[in-house]
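Presented below is the structure to which this report refers.
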Amino acid sequence: MKYINSIFFFFLSLNVFALDGNHTPLMMVDQFGYKEISKKICIIGSPQSGYDFTIPASGYIPGATLQLKNSTDNTVVFSGAPTVWNAGGTHNHSGNKIWHFDFSAFTSPGNYYVYDPSNNTRTYPFTIHNQVYDTLFIKAQRFYYHQRCGIAKTAGNAGANYADAICHNGANQDAHCRAAWDVNNPALEKDMSGGWHDAGDYNKYVTYASRALEYLLTAYEQNPLVFGDNNNIPESGNGVPDIIDEIKWELDWLLKMQENAAGANQGAVYYKTSVQCFENTASPPSADANVRVYGGISQSATRCFAKTMAHACLVMKKIPNANAYANTLITSYAANLLSKAELAWTWLLANPSPSLYNNLGFGAGNGTCNGGTTATAIDEDYDASFQAPAFYMQITERVLASVYLYAATNTLAYKSYFDANYANTHPILWSFWTPHEQRTQDALLYYTSLPVAESPAGVSPTPAVVADIKSSAILGAYTNTGSPYSFANLYNGASGNPIPNNPYFAYLQAADYTFNSNEPMCNFGNLYFGMKNHNTDPSHNTQYENNAPHFLHYIHGVNPTNWAFVSNASSLGAENSLGEIYHGWFKHGSIWDWDTNDDMIADQVPYKGPPPMFVPTGVCKDLLNGNGGEGVPASFPLYLQSGGNDPIMKNTDCSIIATTSPLLK
């Protein structure tokens, strides 16, 4: 890995030559680069509407010939004509007219940029190399170390800019956590220390943790060899892949959230550890002295816990048995995870109804809360009057738990539960396989691979169920012309549309650009990779493999904003990455803030910025960022979630653990 990374940084170091032309945000490439044999398409967008329609070059039309130039000496290495999308029609999501310049045929490693000689404009420089993403992959994994709670982050591991003392270790904080509904009762005090801060705040939620862990566990299962033991976290070099060490850090906190005392609630799981209301978060985390409490028992948290612990047991058993520590994880630690998962399942058998949302003890006027808005985390809990989707997810989480419990135990009862209930999940019920239920789809496909992957002794998956899941997956992911997400519609024009529905090749429906849109964007690529990984639809594996990277390119800058949706990555190759994010640690006005006046001008000296490769929640059509008086139309297309008033919307919202996880996967 050190050799590979040295090659990558050698290529980056060559980008010091004066490049021809002027950069324009209207010519979009993956700002980090491309693998040598991957599809490589520069997308040119001319704004006709949207937040950027006032860019002076909005009337831009590319020349008849575009050139790929070597950035070390500006020599032309490839040239070709751009092709117009949809006969010059305007793309309704972005408000842009679009052209494509395909230089996939060029495969030589090096540093390059796309140049338009007619307009004297160019893209950002980028790298072509098979290891172009290796360093980014490590940096993205380090996100979880920066989000750790209850540990001192040393300069040696975190970097001088992000070193911090132990956080949330005070008398009324995580190691001495009181119940939210009875904060003055010392008998209810529990140790809820550890785990990851969920997002831009310092709270910790079981359901969100489960989402993040499911992505990471599946990512490791599907491609274990890419995860190394050299991410420069405290556990690096211990013989266990660092992503497993990071997963264990979160699992250890989840174990503390389960009630183990004998009684009616044994096995149930408390749903969060947090402040009682959202107040101004201190920076850095060690400065946050707010009282923290744990929330009540929740069926949704218990269902998520059972699923994740059983899945984690299976993954722990697959890590390399390199030394005594690894052997402990494979044996006793994995066995403990499974026993806790079954304890949770036993409680669910006695308490099968999904939980209503219960925020007792949180909000202004409760206990130690001194103002601010109510601290909420409704995900997968529901209010019967308006939270039907959450009700469905609670039912589904139990179905998914049965998959992993069955694989881990070879127990007929878990298999029978899955066989009886899998058809009520949306992918089977609707024949829509979408980027919104990837964790469900991963578990369904996992079941179809069990005879090979796990070989349960004497209790094989039901052949008819396996066939039904595969048939539904092929229909939903590829052939269903009634689904807006099917491959046949998006790339083959099966519904009568001869062109891709999205000229950026990374598709979401307009309605999907809501809070946290980067999660389903990443998961669309994960859907294709999952289909190929399980060999569910072998006749289309090449198409899945070729098109999955487009969703990564979207995150890396091939999107209508031309922002690389990762933090502070200019030193890694993304010149237009996010200089700041909404985060309690790297908050507005702090030394980590790029633009304290929200005028799109860097004004913080010295400037630290957030750590690299935090992934923001993404483009959101519903948030107008307070820009109504700044010439920004109050309608879609494209608004980024923002903490400021910038028309280009660089101040993106919190980077939650469930957003970075699907990017890694």
Inset, instruction - Measure from NZ or CZ of Lys272 to the centre of the six-membered ring of Phe362, then state whether that distance is under 6.0 Å and the direction lies within 45° of the axis. - result: yes
Inset, instruction - For the residue pair Ile591 and Asn161, establish whether any side-chain heavy-atom pair is separated by less than 4.5 Å. - result: no
Inset, instruction - Answer yes when Glu246 and Arg142 have at least one side-chain N-carboxylate O distance shorter than 4.0 Å, and no when they do not. - result: no
Inset, instruction - Let me see the working for Ser193 and His168 under side chain to side chain contact (heavy atoms under 4.5 Å, CB included), right down to the final yes or no. - result: CA-CA 8 Å; Ser193 60; His168 304 109; over 6 Å; no
Legend entry - Proximity of Phe586 and His146 rings by center, below 6.0 Å: no
Inset, instruction - Measure from the side-chain N and O atoms of Asn238 to the backbone N and O of Val240, and report whether any donor-acceptor pair falls under 3.5 Å. - result: yes
Inset, instruction - Would you confirm whether the ring centroid of Trp196 sits within less than 6.0 angstrom of the ring centroid of Tyr202? - result: no
Legend entry - Ala341 to Leu405 - nearest heavy-atom pair and separation: CB-CD2, 3.9 Å
Inset, instruction - Report yes if the side chains of Pro610 and Trp585 come closer than 4.5 Å at any heavy-atom pair, otherwise no. - result: no
Inset, instruction - For the pair Gln438 and Gln441, evaluate side-chain hydrogen bond (donor to acceptor under 3.5 Å, both in side chains) and give the outcome as yes or no after the intermediate values. - result: CA-CA 5 Å; Gln438 189 54 32; Gln441 291 156 184; 2.8 Å; yes
Legend entry - Ser355 side chain vs Asp381 backbone, donor-acceptor pair below 3.5 Å: no
Legend entry - Side-chain donor/acceptor of Asn358 to backbone N/O of Ser298, under 3.5 Å: no
Legend entry - Tyr414 and Tyr404 aromatic centres sub-6.0 Å: no
Inset, instruction - Please check if the side chain of Gln147 supplies one atom and the backbone of Ala199 the other of a donor-acceptor pair under 3.5 Å. - result: yes
Inset, instruction - Would you check, one step at a time, whether the test side chain to side chain contact (heavy atoms under 4.5 Å, CB included) holds for Ile233 with Trp249? - result: CA-CA 12 Å; Ile233 62 174; Trp249 180 267; over 6 Å; no
Legend entry - Pairwise distance CG(Asn169) to CD1(Ile151) - rounded to 0.5 angstrom: 11.5 Å
Legend entry - Any donor-acceptor pair under 3.5 Å from Tyr205 side chain to Tyr271 backbone: no
Inset, instruction - Sequence neighbours left out, what passes salt bridge (Lys or Arg N to Asp or Glu O under 4.0 Å) with Asp182? Give chain and number order. - result: none
Inset, instruction - Without swapping roles, check the side chain of Asp198 against the backbone of Asn203 for a donor-acceptor pair under 3.5 Å. - result: no
Legend entry - Any Val183 side-chain heavy atom under 4.5 Å of Asn172 side chain: no
Legend entry - Pairwise side-chain contact, Thr273 with Lys256, heavy-atom cut-off 4.5 Å (strictly under): no
Legend entry - Salt-bridge present (Lys248, Glu235; N to O < 4.0 Å): no
Inset, instruction - Kindly indicate whether the side chain of Phe305, heavy atoms from C-beta on, has any atom under 4.5 Å from the side chain of Leu348. - result: no
Inset, instruction - Could you please spell out the steps behind the side-chain hydrogen bond (donor to acceptor under 3.5 Å, both in side chains) verdict for Asp134 and Gln131? - result: CA-CA 5 Å; Asp134 284 11; Gln131 281 74 47; 5.0 Å; no
Legend entry - salt bridge (charged side-chain N to carboxylate O under 4.0 Å, His left out) contacts in which one or both residues fall within residues 160-177, not counting sequence neighbours: Asp174-Lys204, Asp174-Arg292
Legend entry - Derivation of the side-chain hydrogen bond (donor to acceptor under 3.5 Å, both in side chains) call for Asn523 and Tyr215: CA-CA 10 Å; Asn523 273 333; Tyr215 292 134; 2.8 Å; yes
Inset, instruction - Find the distance between CD1 (Ile138) and CD1 (Ile243) and round it off to the nearest 0.5 Å. - result: 11.0 Å
Inset, instruction - Drop me the distance from Asn518's CG to Ile555's CD1, to the nearest 0.5 angstrom. - result: 3.5 Å
Inset, instruction - With sequence neighbours left out, write down each residue that passes side chain to side chain donor-acceptor pair (under 3.5 Å) with Lys190, or none if nothing qualifies. - result: Glu259
Inset, instruction - Would you give the length of the straight line joining atom CG of Asn526 to atom OG1 of Thr218, rounded to the nearest 0.5 angstrom? - result: 9.0 Å
Inset, instruction - Mark yes or no for whether Gln173, through its side chain, and Asn290, through its backbone, hold a donor-acceptor pair below 3.5 Å. - result: yes
Legend entry - Heavy-atom donor-acceptor pair, Ser577 side chain to Ser567 backbone, under 3.5 Å: no
Inset, instruction - Decide yes or no on side chain to side chain contact (heavy atoms under 4.5 Å, CB included) for Cys167 and Cys149, but give the supporting numbers first. - result: CA-CA 6 Å; Cys167 65; Cys149 182; 4.0 Å; yes
Inset, instruction - Examine distances only and state if a side-chain atom of Asp242 and a backbone atom of Asn230 form a donor-acceptor pair shorter than 3.5 Å. - result: yes
Inset, instruction - Go through the steps for Tyr220 and Ile319 under the test side chain to side chain contact (heavy atoms under 4.5 Å, CB included), then give the verdict. - result: CA-CA 9 Å; Tyr220 182 81; Ile319 65 175; 3.9 Å; yes
Inset, instruction - Take Tyr333 and Asp252, measure what side-chain hydrogen bond (donor to acceptor under 3.5 Å, both in side chains) needs, and give me the verdict at the end. - result: CA-CA 10 Å; Tyr333 188 75; Asp252 288 347; 2.7 Å; yes
Legend entry - Gln258 side chain vs Lys340 backbone, donor-acceptor pair below 3.5 Å: yes
Legend entry - Ring geometry between Trp181 and Tyr270 (parallel below 30°, tilted from 30 to 60°, perpendicular above 60°): parallel
Inset, instruction - Applying side-chain hydrogen bond (donor to acceptor under 3.5 Å, both in side chains) between Glu214 and each of Lys307, His311, Arg439, report the one that passes. - result: His311
Legend entry - Residue pair Phe137 / Met613, side-chain heavy-atom distance below 4.5 Å: no
